[in-house]
Amino acid sequence: MSIFNKLFGQKRTIQSPTFIKDFSKDNQHLTVLNELLIKVDDGEKKDNIERDIKFLKYGLDGENNVYFELKNSFLPILCLHDVRLEYGDYVAQLDFVVISNKFTCILETKKLSGNISIDSDGNFVRIMKNRYGKDFKEGIYSPVTQNTRHIDILKHVLSKELKINNMPIISLVVMANPKTIIKKYKCPVEIERTLIKYDQIKSTLEKYQNDKANQYDLAEKDMYDIADLLVRLNTPIEMDIVGRYQLANENIQRKDEAQLRELLIAYRLKTSREENVKAYFIFNNNEMDEIIAKYPTSEEELLMVKGFGKVKVEKYGKQILSIFN
């Protein structure tokens, strides 16, 4: 911060929550799973996909609760949702990041069924009811420990990339299920401060924003620099659905031959006109018959089709495979 800004203050244009990376219920993983569900035959693998869709929707509902509270907090903050921060050997999945002139805060969102109890050693126990209405307990990995690791990674990144070393970085674990009761009267003080329900987000952030003991004052340019850095380092990964659900070709419902032939002929005609070449230059009828017979779902399988070498697969493979997948 410049001496001028310290003496005369800074002009502030951020007056309300501004999302640099916004929340959306149109989740890519959810879209992939819903599309996969249609294609997979009935059985255990389909049941597993349905279960994961249910859990993913449940988690997104929780994040939507947090998003609503942030969006309506009337605080002068920058916000980002769903940042997968990858830096060197470090990876951190950040549900929400809040950037203020006074602090940066990472919000880890948990929408858990049942109630949560934390003992004096900081162990998390979830209490739920079984089908007979009796309570049963299970230990869960501490989300506070998980988020502390995220804090350490973010501190390292800000120091290396932006030379920001002294900014307070706050961890909040937000329970996003309105029905969850949190029993934390026995837990350590540092965990009690960290663990909140989603309807406490505004009051908690206001407390940190108005903390007179915190003399830190970040310029708006630096706030945007942090947000832009996180967007640049965001590295989402594609879900390996084949590996996750151990899918084989026999698990996938195939399109019928007539439909495939119609789609391939339409693609061949469109592409040949765009490239101003004969249609058989894209692939001839014999090659089309073999493509249909082998039903490729990956570039490796398409390379096994006679007439499809590396160059042709690189040029046309993605569009052809989209017809089969």
Side-chain angles (χ1 to χ4, degrees), residues 16-38 40 46-75 77-85 92-98 105-118 124-131 135-138 140-144 146-147 150 170-184 194-205 230 234 236-239 241 244-245:
S16 59
T18 303
F19 268 80
I20 305 300
K21 187 173 183 297
D22 212 346
F23 172 83
S24 173
K25 277 196 168 184
D26 297 329
N27 182 272
Q28 181 184 5
H29 285 176
L30 186 59
T31 300
V32 170
L33 289 178
N34 280 322
E35 291 175 352
L36 182 64
L37 187 66
I38 299 171
V40 174
K46 193 180 188 86
D47 292 341
N48 290 339
I49 295 168
E50 287 178 334
R51 177 204 61 200
D52 286 351
I53 288 174
K54 180 181 177 181
F55 288 159
L56 186 53
K57 285 181 176 178
Y58 193 72
L60 285 171
D61 284 342
E63 291 182 12
N64 187 46
N65 290 340
V66 174
Y67 173 71
F68 179 85
E69 295 297 327
L70 288 173
K71 196 77 173 175
N72 293 278
S73 67
F74 296 97
L75 293 170
I77 53 178
L78 302 180
C79 304
L80 300 93
H81 169 251
D82 190 24
V83 176
R84 183 179 180 273
L85 177 61
Q93 180 62 51
L94 312 178
D95 292 339
F96 288 93
V97 181
V98 172
C105 180
I106 298 178
L107 286 78
E108 175 71 18
T109 303
K110 295 294 181 186
K111 189 180 182 188
L112 302 172
S113 56
N115 298 322
I116 303 297
S117 177
I118 307 102
F124 279 67
V125 177
R126 181 161 57 164
I127 305 129
M128 296 178 290
K129 292 188 182 294
N130 62 21
R131 67 177 67 180
D135 287 347
F136 73 94
K137 301 178 180 180
E138 66 174 8
I140 61 174
Y141 187 81
S142 169
V144 174
Q146 178 185 10
N147 213 35
H150 296 165
I170 298 162
S171 169
L172 289 178
V173 175
V174 183
M175 292 300 172
N177 184 349
K179 296 181 180 179
T180 295
I181 298 172
I182 307 173
K183 300 177 182 178
K184 55 180 181 177
T194 300
L195 193 64
I196 64 172
K197 294 195 71 172
Y198 71 93
D199 57 1
Q200 299 171 316
I201 288 175
K202 179 181 179 180
S203 60
T204 303
L205 292 179
L230 293 178
N234 178 45
I237 57 174
E238 292 187 8
M239 180 185 292
I241 56 175
R244 181 179 179 87
Y245 300 106

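Counting from 1, the numbers follow the sequence of the chain as shown. Just so it is clear, the structure is predicted and the values come from calculations on it, not from any experiment.
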Any side-chain heavy-atom pair of [X] and [Y] under 4.5 Å:
X: D199; Y: N65; answer: no
X: L112; Y: N177; answer: no
X: I201; Y: Y198; answer: yes

Looking at [atom1] of [X] and [atom2] of [Y], how far apart are the two atoms once the value is rounded to the nearest 0.5 Å?
X: I49; Y: L56; atom1: CD1; atom2: CG; value: 13.0 Å
X: L195; Y: I116; atom1: CG; atom2: CD1; value: 8.5 Å
X: I140; Y: Q146; atom1: CD1; atom2: CD; value: 10.0 Å
X: I182; Y: I118; atom1: CD1; atom2: CD1; value: 6.5 Å
X: D26; Y: T31; atom1: CG; atom2: OG1; value: 6.5 Å

Where [X] and [Y] come nearest, the two heavy atoms and their spacing:
X: K197; Y: P178; result: NZ-O, 3.1 Å
X: I237; Y: H29; result: O-NE2, 3.4 Å
X: T180; Y: G114; result: OG1-O, 3.2 Å
X: S171; Y: N147; result: OG-ND2, 2.8 Å
X: Q93; Y: H150; result: O-CE1, 3.2 Å
X: I127; Y: S117; result: CD1-CB, 3.8 Å

By the salt bridge (charged side-chain N to carboxylate O under 4.0 Å, His left out) test, which pairs, at least two apart or in different chains, include something from residues 58-75?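 Checked against salt bridge (charged side-chain N to carboxylate O under 4.0 Å, His left out) - neighbours excluded - the pairs reaching residues 58-75 are K25-D61.
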Walk me through it: do L85 and L230 pass the test side-chain contact (heavy atoms from CB on, under 4.5 Å)? CA-CA 7 Å; L85 177 61; L230 293 178; 4.1 Å; yes
Start with the C-alpha distance between K179 and S113, add both sets of side-chain angles, then the distance that settles side-chain contact (heavy atoms from CB on, under 4.5 Å), and finish with yes or no. CA-CA 8 Å; K179 296 181 180 179; S113 56; over 6 Å; no
Begin from the C-alpha positions of L94 and L80 and carry the test side-chain contact (heavy atoms from CB on, under 4.5 Å) through to its verdict. CA-CA 9 Å; L94 312 178; L80 300 93; over 6 Å; no
Measure from the side-chain N and O atoms of N64 to the backbone N and O of L60, and report whether any donor-acceptor pair falls under 3.5 Å.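 Flag not set: sc N64 to bb L60 has no pair under 3.5 Å.
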List the residues meeting ring-ring contact (aromatic ring centres under 6.0 Å, His included) with [X], not counting sequence neighbours, and say none if there are none.
X: Y58; value: none
X: H81; value: F23, F96
X: F124; value: none

Among I106, V66, T109, find the one that has a side chain to side chain contact (heavy atoms under 4.5 Å, CB included) with D95.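 Option passing the side chain to side chain contact (heavy atoms under 4.5 Å, CB included) with D95: T109.
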Considering residues at least two apart in sequence or located in another chain, which fulfil the salt bridge (charged side-chain N to carboxylate O under 4.0 Å, His left out) criterion with [X]?
X: D135; value: K129
X: D82; value: none
X: D47; value: none
X: K184; value: none

side-chain contact (heavy atoms from CB on, under 4.5 Å) involving [X] - partner list, sequence neighbours excluded:
X: N234; value: K21, V83, R84, P236
X: N72; value: F68
X: N130; value: Y132, K134, F136
X: T204; value: L172, I196, Q200, Y208

For Q28, does the CD atom have more than 12 heavy-atom neighbours from other residues, nucleotides or ligands under 6.0 Å away?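 12 or below, so no.
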L205/C105 under side-chain contact (heavy atoms from CB on, under 4.5 Å): CA gap, chis, key distance, verdict: CA-CA 9 Å; L205 292 179; C105 180; 4.2 Å; yes
